[in-house]
Amino acid sequence: MSMNRREFVAAAGVASGLAGTASLAQAAGKARIRTIAAEEGFATPEYVKAMVEIARSDWKNQDLNTWYRLGMRPPAGQTDRWTPLRDRFVDLPDGRLREMDQTGLDMHVLSLGSPGVQLFRADVATEMARTTNDFMAEVIRGHPTRFAGLAAFAPQDPAGAAKEMERAVNTLKLNGFLVNSYTDDGYLDEEKYWPILEAAEALGRPLYIHPRNVSPALFGALSDYYMYGGQWGFGIDVSTHAVRLILSGVLDRFPKLQLILGHMGEGVPYWLHRLDHSFNIGSRKGVSNTLKLKPSEYFLRNFLITSSLILDKEVLRLCLDKLTADRIMFAVDHPYGDPVASVDFFMNANITPAERHKIFHGTAERVFGIAPLS
Ligand code: MN
């Protein structure tokens, strides 16, 4: 179907007056498409408070800048440019549901905003992950067709993380896990983190590798022009993380592990040919690791991607050709993405109805264990 932005917004207004799960397409009298958004951030007031506290300390950490500003409320009755962002981070559940109704989204797969618990001391982070996951589970219990959730965990304590991941799936019934890329300066291919990869594989739930400002190891050349952040650094850091996981051989050890990258695969789909080419040369020279598969084969077997913030039809074409819609999911990237523009993009994209259904909900239902609508 095709719907321009104005019609879309009008239809969204209609949808907000209908039952909770009414989608745009339904409101417009077209075939209904369930919309599940897979990378949707939230924060609890306690989390914001803790982040603002460390942001006000002497610790120099790029990830804290955002939180410092989020914590600086303008005088009563006034707003600043951070106010909408701040309010939309802590809007669960009522404000969020209202926005989802207004913009035609059926379900948010929730996750704690970046950098999550990863800046805190191990014991504090582990406790924070527990309370955050409890909060998320409570929100989902109240609105099981509107929310799903990716559990937080503290990589600072890999054994404790594995335990919390197990509790998150088996007790809290959460749908997967999310890590904000590196912790301290370490990436998940390091042996000390293997309990986390092992738990995700054993529990049969995906691990989303979400961005944060680039690691200290990558910071140098990206320290100018804010390149360490969302515009460029996020993708550099997370794609580096993904390629480390591929080239390290850990995916031979955990062959069923499913990993998710946002932002249309953080550039990796573009590089698959080059990864294989250089790997083959490296193998011949004896400098590459011994791997069972080609790098691209791991990517296509062990990774899924979401669309968060990349609304580019040629990039979508590339990703569909490389991964197929069975490995692509819709995401808005709340509170940073524009939900209307994001839905509109896929409604108007030159893709088949079957691809549209998979991207909007089918792939997410399969990967996250979300019950299909009867
Ligand atoms: Mn995000």
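These numbers were taken from a predicted model, which means no experiment stands behind them. We count ligands from 1, going down the list as the structure has it; atoms in each ligand are counted the same way.
Residues passing the side-chain contact (heavy atoms from CB on, under 4.5 Å) test with P93 are L97, V139, H143, F147, sequence neighbours excluded. Taking the salt bridge (Lys or Arg N to Asp or Glu O under 4.0 Å) definition, one finds that D189 meets it with R244, sequence neighbours left out. Every residue two or more places apart in sequence or in another chain that forms a side-chain hydrogen bond (donor to acceptor under 3.5 Å, both in side chains) with R121 is listed here: D123.
Between K163 and D157 no salt bridge is recorded (no basic side-chain N to carboxylate O distance below 4.0 Å). Using a 4.0 Å cut-off between a side-chain N of Lys or Arg and a carboxylate O of Asp or Glu, E138 and R141 qualify as a salt bridge. Salt-bridge formation is detected for the pair D326/K358: a Lys NZ or Arg NE/NH1/NH2 atom is positioned less than 4.0 Å from an Asp or Glu carboxylate oxygen.
Neighbours of the Mn ion (ligand 1) restricted to protein N, O or S atoms under 2.8 Å: the count is 3.
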